[in-house]
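Worksheet: the structure to be examined is printed underneath.
Convention: sequence-line order gives letters A, B, ...; per-chain numbering from 1.
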2 protein chains.
Amino acid sequence: MSTTAARRVSVKDVAAAAGVSLGTVSNVLNHPEKVSAATRDRILAVIDELGFVRNDAARQLRAGHNRAIAMIVLDVANPFFTDVAHSVETEFAAQRQPLILADSSQDPAREATYLDLFEEQRIGGILITPVGRVLPRLRQLRDRGTAIVLVDRKAGAREFSSVSVDDRRGGRLAAEHLLETGRRRLAFVGGPAALAQVRDRHVSARSAVEEHPGATLRFIETDTMDARAGRRATDRLLALPAAERPDAIFAANDLVALGVLQALTLAHVSVPDDIALIGYDDIEFAASAAIPLSSIRQPRDELGRQAAQMLRDVIADPSAPVRHVVLEPELVVRRSTVR
Amino acid sequence: MSTTAARRVSVKDVAAAAGVSLGTVSNVLNHPEKVSAATRDRILAVIDELGFVRNDAARQLRAGHNRAIAMIVLDVANPFFTDVAHSVETEFAAQRQPLILADSSQDPAREATYLDLFEEQRIGGILITPVGRVLPRLRQLRDRGTAIVLVDRKAGAREFSSVSVDDRRGGRLAAEHLLETGRRRLAFVGGPAALAQVRDRHVSARSAVEEHPGATLRFIETDTMDARAGRRATDRLLALPAAERPDAIFAANDLVALGVLQALTLAHVSVPDDIALIGYDDIEFAASAAIPLSSIRQPRDELGRQAAQMLRDVIADPSAPVRHVVLEPELVVRRSTVR
DNA sequence: CGACGAGGTTGAAACCTTTCAACCGTTCAG
DNA sequence: CTGAACGGTTGAAAGGTTTCAACCTCGTCG
C-alpha cells in the first residue's frame, strides 16, 4: 500500500525484509503451493509493503525466451486487420500472454526492422502477414528457434503453417450472387493485380461468370485498395458507352466498395436499381454505409482464434508437420445488391 | 551468412571465435569508434558467421530499463485511435524505438493488466488514454520511475503532462457552422454524458446556440459511441412531432454520425435538405460516406507527433513541470451540411 | 529408539550483456 | 631519456530472477 521512494526493490530486498532466503520469495511468486501458508502470507505482506515489482528482463534472461507474442499486420488503418488482431489478443490475454502489435504499413523495410527487434527480444512467436520478400529471413528465424505462423497469406505455405480464408470461394460467392440476381455485365474493381488476394478473388469470379452464357466480366485495376481508388475506378466505368456500362460491380474489398458507392451516388446512379454493388471483408462500415453494402464476410474472429491456436501449437512442437487452416467466407446480402 | 544450428550464440562465443575478450565484442556493438578497424571487421565477420543476435533481456537487465514505448488506446476498432497510434509509431521508429500497442477496449480490467505488465517490463514510457479510475495507479507508476503522458484526456491534468485537442472549440465550431447555414433546431447525439469529450462538445455547442435567439439544442444521450447508437438515437428523433423535429444533427463522433446518416436515408429524409448532419474526428470514412460527411477534424498526426515528443521530454527530465499541449480542431465542410 | 520420508527452506549457479577501472605498448613533448 | 598521453583491449563486476540439489526439522513407522 505504502509507496516507498526506494528506487527499485528486488527479491533480495523482499527476502531480507521477510527474513527468508530469496529462493523462497521466488517460490511464493512461481510455485506458491511449495510454500507454507504462514511464510507465504508474510512474504506477500512484505511484497505489498515494499512495492516490489518483478523484473521481467531478469526473468526472461533466466528463462531464455519471452512469453510475449508479436503480430505484424499489413495496415492498422484497415479495420479488417485490427479486428483480427483484436481476436488474437483476446485469445492470448486469457493466459496473460501479451500481444505486441506492430504495423508494417506495407513497407518491407519496417517489416524487416520489426523482425530484427523481435529476434533480439527472443519473442515467443510471430504472427505475420508478410509484405516483402521475407521468406528467407523467416526461415532463418525459424531455424534459430522462433515460432512463426502466416496469417491470411499462403506464400511459402510449404514451409510455414498458415491460417487463411478461401479467396477463391469468396470470389465465386460474390459473382454467383450477382449472376443469380439477374446481373450480366459485371465489373471487378481492385488491385494491384499482383496481390494474391486480388488475383484469387478475380480469377474465381471470372470462372463463375464463364459458366453463365452471355455474362461478362470486366477487370478495372487499381493501384491501391482504398476508397479513393474505388472512386476513380468508378469514374472510368461511368465514362463507358451506355451499352457497355456494367450492371454490377464487385469490389476487391469494402474500402474500395465504399468509394465506388460514393461515386455512384454523386453521379445519381441508383444502387442497386441501376448498378448492384458488392464488397469484400464485411467490415463494420459496410453495414453502416448509407446504402448498406452486401459483402463477403471473412470470419475475422475465427481467423484470429485459429491463428493464435496454431501459433501455440507450433511453439509447443516446432518440429510438427506444417499445417494449414483455410476458413470459409460467407455471403452477406444487404441493400446494395437486392431491391 | 551460414545458419549454424548451434542453439544460441552469445558474445562469449563470438569473443572466443574471434580471439578477443568479450568486452571488445561489446564495444564493437555499442561503441564501434573505440575499436580498431581491423579488429572490428574481424569481429563483425565472426558475428555474421555465427549468426549472433543480441539478447535484449540481458541488455535491459544491465541497463535497468526498456527502450520500448507503450501506448494504451481506448479502442483499436476506432480509426481515430489507430491513426494517432500510427503517427506516434512513425515518430519513435525514427530512432528505432519500438512502439507496443495495447488495446484496453474500454475495459478498466484490461487496462490494469497492461499497466502491470508494462511496469514489470520497466517500459521506457507510457502513452495512455485512461478508461477507469487509474489516476492513483498512474501516480504510483510515476513515483516508481515510469514516464507517463496522457493522450486526448485532461483528467488528472494537474499531475501529468498531456496532449489533447480542444473539444470546446470543436463543439463550438460545429454548432456555429450549423447556425450560420440557417439551422435553428439542433440536436446533439452522443454519450455517455459522463465522458469528458462528450460533455465538452455538448456544453460548448449549447453555449453557441444560446447566443442565437430562437435557436434550440436537444441532447439525445447514447450509451456507446458507435454506428448502432446513432441509428437508434435517430429513430427517437424521427418519432418526434414534426414541429419538434430537428433540422440539424451534431454527432459526437463520426461513427455515430454514420449511423445517423444511415437511419435518415432509410427513412427517406434528405441530407442536407431536410436535416443537416455533422460528425466529429473526420475519420477517413467520413469523406467516403455516400453523402460525404461534414466533420470536425482533429489533427491526428499532430496529436501523435506531439505526444511522442512530450513523452521523450518527460523521459529526459521527469522532474520538469507538468505541461499541456492543446491542439486546435478544424471545421471540414462537406455535402452533409450544405446544399 | 532409530531410520526414513515429507514438507519447507536454503544457497549457489546460471542466464548474457554492458560498463569501467586497469593495463599495455607506443608515441611525443620536454 | 623520462614521463605523460593516447588508442586499444582486457577482465571482473553488476544487474535480478529462477532453478535445483542439498539440507533441515519433524513426525511416523518399523
Using atom [atom1] of [X] as one end and atom [atom2] of [N] as the other, report the distance to the nearest whole Å.
X     : N      : atom1 : atom2 : value
A:D56 : D:dT18 : CG    : P     : 9 Å
B:N55 : D:dG15 : CG    : C1'   : 13 Å
A:L29 : D:dT17 : CG    : P     : 8 Å
A:L22 : D:dG15 : CG    : C1'   : 13 Å
A:K12 : D:dG15 : NZ    : P     : 7 Å
B:L61 : D:dT17 : CG    : P     : 9 Å
A:H65 : C:dC16 : NE2   : P     : 13 Å
A:Q60 : C:dT17 : CD    : C1'   : 14 Å

| task | Can you figure out which of D:dT9, C:dT18, C:dC16 approaches the side chain of B:A58 most closely? | result |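 Looking only at side-chain atoms, B:A58 lies closest to C:dC16.
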| task | Specify the residue among A:F52 and B:V20 whose closest nucleotide of DNA chain D lies further upstream toward the 5′ end. | result |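 Of the two residues, B:V20 wins.
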| What bend angle does the helix from C:dC1-D:dG30 to C:dG30-D:dC1 show across its length, from five-pair end axes and to the nearest 10 degrees? |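 Result, rounded to 10 degrees: 50°.
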| message | Below 4.0 angstrom, which residues in residues 118-126 of chain B have at least one non-hydrogen atom near DNA chain D? | response |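 Going residue by residue through residues 118-126 of chain B, none turns out to have a heavy atom under 4.0 Å of DNA chain D.
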| Counting only non-hydrogen atoms, which of residues 33-46 of chain A are less than 4.0 Å from DNA chain D? |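 Within this stretch, nothing sits under 4.0 Å of the strand.
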| said: Ring of A:F92, cation from A:R312 - is the NZ or CZ under 6.0 Å from the centre and inside 45° of the axis? | reply: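 Checked: cation-pi criterion met.
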| With a distance cut-off below 6.0 Å to the six-membered ring centre and an angular limit of 45° from the axis, does B:R142 pair with B:F160 as a cation-pi contact? |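 Output yes; distance and angle both within limits.
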Just to confirm, is there a sub-4.0 Å distance from OP1 or OP2 of [N] to any side-chain nitrogen or oxygen of [X]?
X     : N      : value
B:N30 : C:dT18 : yes
B:R8  : C:dC15 : no
B:T24 : D:dT10 : yes
B:S10 : C:dC16 : no

| request: Tell me which of A:A63 and B:S26 sits closer to the 5' end of DNA chain C, going by the nucleotide each one is nearest to. | output: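 The residue whose closest nucleotide sits nearer the 5' end is A:A63.
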| said: Using a 4.0 Å heavy-atom cut-off, does B:H31 contact any base of the nucleic acid, only the sugar-phosphate backbone, or nothing at all? | reply: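 Answer is sugar-phosphate: B:H31 comes under 4.0 Å of backbone atoms only.
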| message | What contact category does A:R62 fall into here, base, sugar-phosphate, or nothing, at under 4.0 angstrom with non-hydrogen atoms? | response |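 Since a base atom lies under 4.0 Å of A:R62, the category is base.
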| said: Between B:D103 and B:S105, is there a side-chain donor-acceptor contact under 3.5 Å, judged purely by atom types and distance? | reply: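 Yes, B:D103 and B:S105 have a side-chain donor paired with an acceptor closer than 3.5 Å.
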Check this for me, if you would: do [X] and [Y] make a salt bridge, where the nitrogen-to-carboxylate-oxygen distance has to be below 4.0 angstrom?
X      : Y      : answer
B:R67  : B:D56  : no
B:R110 : A:E89  : yes
B:E119 : B:R137 : yes

| said: For the CE atom of B:M225 and the CG atom of B:L195, what is their distance to the nearest 0.5 Å? | reply: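 Rounded to the nearest 0.5 Å, the CE-CG separation comes out at 6.0 Å.
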| task | Could you walk me through whether B:T39 and B:S36 pass the side-chain hydrogen bond (donor to acceptor under 3.5 Å, both in side chains) test, one step at a time? | result | CA-CA 5 Å; B:T39 321; B:S36 73; 2.5 Å; yes
| query | Could you go step by step and tell me if B:Q197 and B:D152 meet the side-chain hydrogen bond (donor to acceptor under 3.5 Å, both in side chains) rule? | reply | CA-CA 9 Å; B:Q197 264 88 346; B:D152 201 35; 2.9 Å; yes
| message | side-chain hydrogen bond (donor to acceptor under 3.5 Å, both in side chains) for A:R54 and A:N30? Distances and angles first, verdict last. | response | CA-CA 11 Å; A:R54 252 202 193 98; A:N30 302 292; 3.0 Å; yes
| said: Using modelled atom types and a 3.5 Å cut-off, is there a donor and acceptor pairing between side-chain atoms of B:E111 and backbone atoms of B:V131? | reply: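 The answer is yes, because a donor-acceptor pair under 3.5 Å joins these two groups.
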| query | For the side chain of A:D13 and the backbone of A:S10, is there at least one donor-acceptor N/O pair under 3.5 Å apart? | reply |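 Confirmed, A:D13 side chain pairs with A:S10 backbone.
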